[in-house]
Structures are given as C-alpha cells and as structure tokens.
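Some notes on the structure that comes next.
Numbered from 1 within each chain, the chains take letters A, B, ... in sequence-line order.
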There are 2 protein chains.
Amino acid sequence: MNILEKINSQITTFSKSERKVAEVIIANPEQAIHSSIATLAKVADVSEPTVNRFCRRLDTKGFPDFKLHLAQGLANGTPYVNRHVDESDGPDEYCAKIFESTMAALDIAHRNLDIGQINRAVDILTQAKKISFFGLGASASVAQDALNKFFRFNVPVNCFEDIVMQRMSCINSTDGDVVVIFSHTGRTKPLVEIAQIARQNDATVIGLTAKDSPLGKECNMCISSDVPEDTDLYMPMASRIAQLVLVDILATGFTLRRGPKFRDNLKKVKDSLRPSRFEKKENLS
Amino acid sequence: MNILEKINSQITTFSKSERKVAEVIIANPEQAIHSSIATLAKVADVSEPTVNRFCRRLDTKGFPDFKLHLAQGLANGTPYVNRHVDESDGPDEYCAKIFESTMAALDIAHRNLDIGQINRAVDILTQAKKISFFGLGASASVAQDALNKFFRFNVPVNCFEDIVMQRMSCINSTDGDVVVIFSHTGRTKPLVEIAQIARQNDATVIGLTAKDSPLGKECNMCISSDVPEDTDLYMPMASRIAQLVLVDILATGFTLRRGPKFRDNLKKVKDSLRPSRFEKKENLS
DNA sequence: CTAAAAATGTAAAAAAATTACATAATTTAG
DNA sequence: CTAAATTATGTAATTTTTTTACATTTTTAG
C-alpha cells in the first residue's frame, strides 16, 4: 500500500504530535522528501524523535527509509489521498482532488471486492434467460450503461428508469430471469420493493449495493464496492464510478466465459458503427 | 528522465571508478537505495567521496538525494501499465487488470487535462440560460449522468438520447444556450451535425471529445481526455469513466463558482430524498 | 621523461539520525 | 477527585552517515 494512503488510514490512531507530523507530510509530501528530520520537526512543531517514532510506526526503518517509501509513493503517478474539495480551491486544485479521490475510491473498491461474488454473478448472468438493469437517480445512468454493454451479448436485456415500468417488469419475471439493481446506499425504498417483487416471482436478484443495507438483504447476492459515501458536494461521484467499473468487470467476465468465438461477435457489433462515423485519418506523413 | 536510464546513457562519460559505482547500482538498484554510502563504496570497491561525486555528476544534491531519485525511478518502473485482459485470465486477474487500467486511464486524463479549458467551460456553463447534454451509445449514459448533476443547480437543463429530439432541441437553441456533446471518438456523424446546427443557432457548443476530431473542430471549445481507445473487448470502458470524472469536475467548478449559499441548496436537494429512503441505522453497539 | 591536469583516496569536519533518559501529559483505578 | 501508572513528548548525548578539504596517485600532453 502507498505510504500516503497508509498515513491517511491510520491517522486516527496517531497521537496528537504524530498527527501534526502526518498533516505536514500530507500537505506537502514533495517537500517532506527533501527535508531533513530537523526541518520537518520544526515545520510540524514537534521534536525530532517524534518524527522518527512516526516513521517507525509506519513500519519503516527510520526517517531516511520513510522518505524512500514516500518518494516511491509519489512517483507512482498520484498520491491518491482522499482529499476533499475546498471552498477556496482553484481549478488546478479541485481537478487534482477529484481525480485523486476517484482513483482512491477505485483502489478501495478493488481491495474490498469479493472476487468469489463476481464469479458467481458472472455464472448467474451467463445463464440468464433475460437480464434487467434497474437504478434510480445517478444509478439510473449506471443501469443504462450496463444495458449498453450487455445488449451486445445477444441476451434479452432491458432497463427502465421509470419505477412503474420497473415494477411491471419485475412482476412479469420468471425463473431464469436475472434482475440487477444498482443503488449505492441500498436504502432507496422503491428499489427494495422491486427486489422483493422480483424474488417473489422467482427471478434471481443481484444487488450492486451496500452489503448490510435493506436492499442488500433482499437480494440473492450482493456485490459491494464499499466506497465511502461522497459527501463533498452532496452529489454521487466516486461511488457511481466504482459501480461502472464493476459493470465493466461483469461484462468482461461474461465475455471471457463465452470463449473466443463470442468475441468475434462483439467485434461485429462494434464494426457495425463504422458507416455512421467519419473515417479516422491515418498518418499521411 | 528516469535516473537509471540517465546513468546508462551517460556511462561512457564516467571515469573508471564512477563506472564501477554505476555498474553496481545498475546491477541491483533495489539494494542500492537501502545501502549507506559506505556500503555502496565497499561493494563497488571505491572510496566514499567517489560515490558522492558520482551522485553529483547526475545532478542530484548528494547521496541521499540520489537515492530518492533512484527510488522514484524504480517505483515508476512498475506503474499501472495498461495491462490487457487475456483469454486465460481468471477472475482475480481480470478484476485487477480492469481496475488498474481504469486508474491508469484517469491518470493519463488528469495529466493531459487543460485546466484553462475547464475553467472557461465553467465560465460558460455558469452563464448559460439553458444547458443541453447530448451523447449516443455509451456516451448517452454520460449525458444522463451530467443531467443528474446539473439539474440540481436550478438551471434549465435537458438531455435526449434520441437523435431526432437532439436535432430539434438544437434548432431551437438561441444565444446564451449551451450544448454539451459527449463523444469519445468525435467521429459520430449525427453528433457532428447537431454541433453544427447548434452553432448556427448561436448556441455555445462544448465538446467532451478528441481535440482534432471532426466533432472537436465544430465546437466552440473542446475538453479532451486523451485516454487511449479501449480495444480490449470492443466496448467503451475507461474512456467513458474519464468523461464522467470530467462531468464531476465541471459540476464541482460550477458549484464553487456559485459560492457557499449555493451549496446549501444542494444539500436541500439531497435531503429531499430522505422520505423515500430507509433510515440509516446508527451504531447501537 | 617531466609537468600539468585529472582522478581517487584519506582523514577530519559537518550534518543528520538515533538512542537513552527525563519530564510532561493523559489515563485509569481506587 | 486524587494518586499511581501509563503513555506521550522533549532534551541532550551518541552514533551514524555524509560531505569537505586536502593529499596522493594516476593519466595525459608536450
């Protein structure tokens, strides 16, 4: 794990002085790796041994070793720390923060992902007679995206934004049908209800939602991204991105399960778009 | 440039002893970053100042600084490479690959992002009388997602998946209207046409698309993510994720521009959902 | 072959990091 | 609420590491 993330995740376990050190480092890791222990101690307003203890607590051999780890973390593209957008941020800053926190969220989602569940979900999907994707609000576009992928697989699929249509569709479902429901919180009442209806009609319900949520409990199986709630601007952000990546994963799993011949089919679907597009210019140089 | 490459490229200019140092480092850079100058000097069979001079010659401040650079170079050696999903991959592998390549794509998008363009786009959006979001295929769900964010801002917004509706909407547009068009390739003919129509009717057209594409050229301004085309499974994957993050960024920019009072409004929108949700259980432990 | 220049090493100085221990702050048990 | 115990933090000394200054050796040019 990136040492910066490690600092962030353990920051609550630190003592007051250690936290000061952590904050200084997080605020400017670039500077930290070019400072001596004395400088850093002064900036953080603590003693040098405190900085040293801080380093040891993070399972490094000492300050120089810590700097090495930090340097590697920084080099790895991005110090994706969950930094929150601030009122005073300029465009540079909020862009960086949004990219970084999105990547951090994906990293968390990856770590928490139960691969066994993915595999089982792929099983279920490949055997489905019909697949329905439902979501509301921000999750509605995730459902639509899922539709855009799975319709290519030559399986009957559908996707409704309208809760009434969703209900009717679920009432009509039968054994062998699969209903995939997207909801970050898992607490949206109408979706919990359609999960119940679908199950009562023998459909298999897969929830891309929080594990212990009301919706999660109604589903036959549940794939959870465990990405923390987006609180920044009262809008879903990283959570729906994580859901989309899960859609990609399910679609990929589906494709691989079907073998190489199936992939040729996908190519055909894609190639069918060509007439509606302008030709790509080849290098004429 | 990676410092290891630099050593390699300059090795001919080194003196005999310096070359010994270089060889020891190249042979085992991992070990080098965990050695003291004394150890390294002994292994290379040279004196300590020679090692120091070697470091300086490579434009570093000294031995510790050199190790920092080396550490970064090593970390950069295994960045998240765009690893492609392979026929024989098990669930562990394809999950990891998809997460990693998505993150790599976001990293690229971030690096290539023209922040000035973002800022100008935010300008335009905050001053819009009406905002329309259009996309087709996978980009349709991106457009829908954008709608889901921007409708909260109390600006007239719309979003159609239907190309005919898109056309009609553009024909009706006037000065002060903003049309945002999503297309990864920028070569989808109908979208290029609606961009033309919109501009002929004095709307401002923002393209989230490739810079030099036919669509890009028709737009008043163009925000490009420069994420490489997804070739894995003939389906759009990372590219649309990058677009969504750009949507987040524009929405965030919009919000920040409007100031703190505006954020209270957003909170209200979010809170309005509460009655439709099951209560979140508080810790009862 | 000799003188100058360059390269390398030795040893001392400086800087940095670490340790041992003392003091202060906080928590816990009574 | 107080006193003991624990934990956290800092001071100062020690050790390690790096750097500098300078001496010696090696190389090169005439």
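Side chain to side chain, B/T252 and B/T255 fail the donor-acceptor criterion of an N or O pair below 3.5 Å. In the model, A/Q117 has a side-chain atom that pairs as donor or acceptor with a side-chain atom of A/R120 under 3.5 Å.
One atom, NE2 of A/H34, and another, C1' of C/dA16, lie 16 Å apart when rounded to the nearest Å. Atom CG in A/N52 sits about 7 Å away from atom P in C/dT19, given to the nearest Å. The distance between atom CG of B/L40 and atom C1' of D/dT18, rounded to the nearest whole Å, is 13 Å. Regarding B/D65, its CG atom lies at a distance of 19 Å from the P atom of D/dT17, rounded to whole Å. Between the CZ atom of A/F54 and the C1' atom of D/dG10 there is a distance of 18 Å, given to the nearest Å. Atom-to-atom, NZ of A/K67 to P of D/dT17 comes out at 15 Å; the value is rounded to the nearest Å. The distance between atom CG of B/L68 and atom P of D/dT18, rounded to the nearest whole Å, is 12 Å. In this structure, NZ of B/K61 is placed 12 Å from P of C/dA15, rounded to the nearest angstrom.
The shortest side-chain heavy-atom distance between B/L40 and B/I25 falls under the 4.5 Å cut-off. Between A/I206 and A/N220, the closest side-chain pair of non-hydrogen atoms is not below 4.5 Å.
Closest non-hydrogen pair, B/S47 versus B/T50, comes out as OG-OG1, 3.0 Å.
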Fill in the blank from the handout: Protein heavy-atom contacts under 4.0 Å, written 5' to 3' over nucleotides 8-13 of chain C as B (base), S (sugar-phosphate only) or - (none), form the string BBB---

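At least one side-chain nitrogen or oxygen of A/R56 sits closer than 4.0 Å to the OP1 or OP2 atom of C/dT19.
In this structure, A/E18 pairs ionically with A/R57, as a charged nitrogen and a carboxylate oxygen lie closer than 4.0 Å.
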